[in-house]
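Report on the structure given below.
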Amino acid sequence: METMSDLSKADSGLNAAFGKFNALLENYPDLKANTTVLQLQSGAKDCEDNIAAARRFYNANVKVFNSKIKTFPSNVVASTLNLVSKDYFLASDSDRQDIKIDL
C-alpha cells in the first residue's frame, strides 16, 4: 500500500515531466500548430482536472473517516480495530501552480 508521501512524490514527478514537455515544444514552433499537439494540450488539461478532483475526493473522505473514528459509538469500533487518523493529501506550493503548456 502506498503512503501519502509516495503519492506526493509521484505527483511531483508528473509535474516535472510536464515541464520538460513544455520546454521541448518551445524549441519546435512547427509543433505548436499541429492538431495532435492541440489534442495533447486538451488531454493534459483534462488530466489535471481529474487529478484535482481525485485530490478533493480523497481529502473529503479522509475528513469523514477521521471524524468517524473520533466520535461515539464508531470510536469504540475504531479503537478495537486499531484504526488511526489518515493524512490529507497536501501538495507543495510549486505543485499547486498550474502547469504551463506554451505551444
Side-chain angles (χ1 to χ4, degrees):
M1 180 176 222
E2 295 175 352
T3 64
M4 284 306 348
S5 63
D6 293 337
L7 293 176
S8 293
K9 288 177 187 174
D11 185 55
S12 296
L14 180 63
N15 288 336
F18 273 123
K20 290 177 185 175
F21 173 73
N22 292 336
L24 177 67
L25 286 178
E26 289 174 359
N27 292 330
Y28 298 97
D30 293 340
L31 288 177
K32 293 181 180 182
N34 190 319
T35 58
T36 305
V37 174
L38 295 175
Q39 290 173 346
L40 177 62
Q41 275 184 296
S42 176
K45 183 182 180 325
D46 290 343
C47 183
E48 289 175 19
D49 291 344
N50 289 337
I51 290 170
R55 285 181 190 146
R56 287 190 304 271
F57 179 77
Y58 175 83
N59 285 338
N61 283 305
V62 166
K63 181 180 179 180
V64 169
F65 177 80
N66 289 344
S67 296
K68 289 276 186 183
I69 66 172
K70 293 177 183 176
T71 57
F72 185 79
S74 57
N75 65 341
V76 176
V77 175
S79 65
T80 303
L81 296 174
N82 295 323
L83 299 178
V84 295
S85 295
K86 299 296 181 187
D87 295 330
Y88 289 103
F89 182 88
L90 300 174
S92 67
D93 289 337
S94 63
D95 291 341
R96 291 179 189 199
Q97 305 272 330
D98 288 337
I99 296 173
K100 183 178 179 184
I101 298 181
D102 286 329
L103 298 175

Hey, could you give me the CG/CG distance between N59 and D87, rounded to the nearest 0.5 Å?
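Going from the CG atom of N59 to the CG atom of D87 covers 10.0 Å.
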
Nearest 0.5 Å, what's the NZ-CZ distance between K70 and F65?
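K70 NZ to F65 CZ: 10.5 Å, rounded to 0.5 Å.
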
Nearest heavy-atom neighbours spanning I69 and N75:
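Scanning both residues completely, I find the closest heavy atoms to be O-CB, 3.2 Å.
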
